[in-house]
Every structure is written in C-alpha cells, then in structure tokens.
Amino acid sequence: MTAKILSAAPVVAQIKKDLILRCEALKKRGLTPSMCVVLVGDSPASMSYIRNKKKMCEEIGAKFQLRHLSEKIDSTEFLNEIDKLNADPSINGIIIQLPVSDKLKNLPLPNLVVPEKDIDGFHGINTQNLYSGSTDLSLLLPCTPKGIINLLKFYHIDPQGKNVVVVGRSLIVGKPLAMLLSNLNATVVLAHSKTKQLRDFTHQADIVISAIGQAHFFDRSYFNPERKTVVIDVGMNSLEGKLTGDVNQDDVKDVVSAMSPVPGGVGPMTVISLIENLISATEKQSKG
Ligand SMILES: NC(=O)c1ccc[n+]([C@@H]2O[C@H](COP(=O)([O-])OP(=O)(O)OC[C@H]3O[C@@H](n4cnc5c(N)ncnc54)[C@H](OP(=O)(O)O)[C@@H]3O)[C@@H](O)[C@H]2O)c1
C-alpha cells in the first residue's frame with residue numbers, strides 16, 4: 001500500500017473558480033469584497049501568513065488591506081482601532097492576526113470583531129452554529145476545520161460512521177473540528193497531551209487528524225495497516241529550516257491509505273476557506 005496524497009491544489013482551484021464568479025457578481029452590484037488584517041508587531045511568521053492571504057484575495061478579485069500596529073499599542077488604542085474597522089462600511093471582513101503582543105493577549109480577542117465581519121469564524125455567535133449541530137459550510141465557521149472538511153469531501157472521504165481521532169484541542173482547530181465532525185455523524189475522540197495510550201485510539205481510527213505542532217511526532221507505530229487510515233496533517237513546524245508536518249510521511253506512507261501533504265495540504269485549504277468566508281460575509285451584508 002502506498003498512501004494516496006490528498007493535495008489541496010485541485011480543491012483550491014475548484015473553489016477559487018466559484019469564488020471568482022461570486023466576487024464578479026458582487027462587483028457588478030458595486031460591492032468589492034474587502035478584507036482587513038490587523039497585525040500587531042513584526043513577527044516574520046505572521047508576515048508570511050498575511051502574504052498568502054493577500055495573494056489569494058487579489059487572485060479572486062477582492063481588496064486587501066493591512067492595518068499594521070506597533071507592538072507598543074495599549075489595549076484602549078487597540079480596541080478603538082477595531083471599533084473603527086467594525087463600523088467602516090467599506091470593510092467586509094476583519095482578521096486579528098494571532099499572536100498579538102503580551103499587552104493585548106488577555107483581551108477577549110475572538111469576540112472583538114462583529115460577528116458579521118468575523119471571517120475567522122471565532123466569535124461566540126458564529127461558533128454557536130457548531131454547538132447547534134450545523135453542517136452548513138456556507139456559514140462563517142473557523143477556517144482550518146472548514147478547509148479540512150472540504151478537502152475530505154473533494155476526495156470522497158465521508159466522515160459519517162467513521163472513527164475519527166483529532167489530536168490537539170485548540171480553539172482554532174481541534175475543538176471546532178471535533179464538533180463539526182460530530183455534526184457530520186463521525187464518532188470523534190478529541191485527544192490531547194494528557195491522553196494516555198494515544199496509539200490505542202489511533203490504531204482503531206479510520207481517520208486521524210493531527211494538530212499538535214510537533215514535527216514528525218507520528219511515525220508508523222501509530223497506525224494499523226489493516227484499518228487503511230486516512231491521515232490529515234495540520235501541523236506547521238520548522239525542522240532543519242523546512243516546513244514540516246506532525247506526521248513523518250516517509251515513515252507512514254506504506255501503512256496508511258491516504259495523507260495530506262505539508263506543505264500543500266491543510267495550509268492552502270485554510271487560506272481559501274478564509275476567502276470563502278469573506279465572500280459569504282459580503283453577500284450577507286449586501287442583503288442587509
Ligand atoms: N495548516 C494550517 O492552516 C494551520 C492552522 C492552524 C494551526 N496550524 C498548526 O497546527 C499545529 C497546532 O496548532 P494549534 O494552534 O491548533 O494548537 P496549540 O494551541 O499549539 O495546541 C496544541 C494542542 O496539541 C496538544 N498536544 C501537544 N503535544 C501533544 C502530544 N504529544 N500528544 C497529544 N497532544 C498533544 C495540546 O494538548 P493540551 O491541550 O493538553 O496542551 C494542545 O491541545 C501547529 O503546528 C500550528 O502551526 C496549522
């Protein structure tokens with residue numbers, strides 16, 4: 001068995017075509033979808049993520065702007081900036097690029113952007129849709145979980161009735177993803193750093209999704225070849241200067257049935273989901 005590679009490229013190309021058409025339709029009505037990213041400080045990793053968002057925005061014909069704030073900004077000034085963007089009718093989607101500075105990290109960041117412009121899908125009103133059991137991917141849902149479901153769909157991998165192990169329980173990936181998969185009728189185990197005997201769970205899994213942030217953590221010992229497991233690798237780690245996932249792909253490729261690559265897997269799916277959220281947000285705002 002050699003694992004099929006679940007590349008994002010054909011999925012992104014398909015979604016992009018649809019988004020270009022939706023963007024053109026909005027422009028004909030005098031509305032150009034416009035995204036604003038708020039960046040605090042000069043982290044090179046954040047700059048690189050922002051470049052990818054800008055590129056994709058421009059490729060589909062939407063507007064992009066960066067609100068670059070000093071590391072020294074205090075919480076009152078920061079909240080004023082977000083209020084201004086929330087009230088600005090020329091901006092349809094706002095992202096607060098994480099992480100922010102230490103001075104700001106205790107603010108209720110997920111709830112600062114108004115729900116209608118919350119294209120990261122972090123606001124309580126938007127995540128409520130997941131708690132209510134929704135599977136509607138046109139809602140403003142968190143982008144990485146939405147991108148993973150679209151990747152699985154494209155490759156005809158239906159989570160219904162499957163044993164799925166999600167490793168990592170962050171608010172941006174693991175928790176919303178586990179909820180979305182449960183809504184799609186998967187049986188979900190949400191594992192984390194205190195999980196004992198993780199292999200006992202992954203050996204029983206039809207799908208394993210790793211979001212732990214540790215390069216090459218998963219080797220072949222975590223998988224049972226008889227289960228023909230599908231592996232989705234969310235990790236973005238640096239190993240010897242190279243972007244590397246949580247899964248040692250060379251080691252596992254002959255014991256799993258399919259795996260998403262790093263780079264070229266969940267990363268681009270996350271970016272295109274963000275742009276999809278921008279277009280959906282603009283369409284909804286235009287309806288009032
Ligand atoms: N491709 C993308 O678009 C994308 C998007 C977002 C994140 N990421 C990447 O995904 C990774 C995770 O990021 P994140 O922000 O979701 O997570 P995070 O906030 O860094 O949390 C990591 C999670 O992994 C768990 N964990 C850590 N070590 C573990 C271990 N040895 N065994 C089991 N669980 C373990 C932690 O458990 P505890 O809760 O017990 O501490 C925690 O829940 C990072 O590499 C990040 O760069 C990629």
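Quick caveat: nothing in here was measured; it's all calculated off a predicted structure. Counting starts at 1 for both ligands and their atoms, in listed order. Just the heavy atoms: all of them, side chains too, but no hydrogens, waters or symmetry mates, feed the values below. Counting begins at 1 with the first residue of the sequence.
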Just need the protein heavy atom nearest to [atom], so name the residue and atom and give the distance.
atom: atom 5 (C) of ligand 1; value: Thr144 OG1, 3.3 Å
atom: atom 31 (N) of ligand 1; value: Phe217 CE1, 3.3 Å
atom: atom 2 (C) of ligand 1; value: Met236 SD, 3.5 Å
atom: atom 13 (O) of ligand 1; value: Ala211 O, 4.5 Å
atom: atom 3 (O) of ligand 1; value: Thr270 OG1, 2.9 Å

Less than 4.5 Å apart, any side-chain heavy atom of Val173 and any of Ser170? yes

Quick check: do Leu19 and Glu276 have side-chain heavy atoms less than 4.5 Å from each other? yes

Regarding [atom]: of the candidates [options], which has the closest heavy atom?
atom: atom 26 (N) of ligand 1; options: Leu198, Asp233, Ile212; answer: Ile212
atom: atom 11 (C) of ligand 1; options: Ser210, Gly213, Ser238; answer: Gly213
atom: atom 4 (C) of ligand 1; options: Ile172, Asn52, Val234, Val173; answer: Val234
atom: atom 14 (P) of ligand 1; options: Ser273, Gly174, Ser193, Ser170; answer: Ser170

Which is it for [X] and ligand 1 at heavy atoms under 4.0 Å: side chain, backbone, both or neither?
X: Gln214; result: side chain
X: Thr195; result: neither
X: Asn237; result: side chain

Indicate yes or no: does [X] engage [Y] in a salt bridge with an N to O separation below 4.0 Å.
X: Asp18; Y: Arg22; value: yes
X: Asp74; Y: Lys103; value: no
X: Glu58; Y: Lys54; value: yes
X: Lys287; Y: Glu283; value: no
X: Lys84; Y: Glu81; value: yes

Suppose I only count heavy atoms of [X] and a 4.0 Å limit; which atoms of ligand 1 are within that range?
X: Gly235; result: 10 (O), 45 (O)
X: Val167; result: 33 (C), 34 (N)
X: Gly168; result: 23 (C), 24 (O), 25 (C), 43 (O)
X: Gly267; result: 1 (N), 3 (O)

Would you indicate whether Lys228, at its atom NZ, is surrounded by more than 12 heavy atoms from other residues, nucleotides or ligands within a distance under 6.0 Å? no

Side chains of [X] and [Y]: donor-acceptor distance under 3.5 Å anywhere?
X: Gln97; Y: Lys53; result: yes
X: Asn277; Y: Lys146; result: yes
X: Ser134; Y: Asp136; result: no

Tell me whether Arg169 has any N or O atom under 3.5 angstrom from an N or O of ligand 1. yes

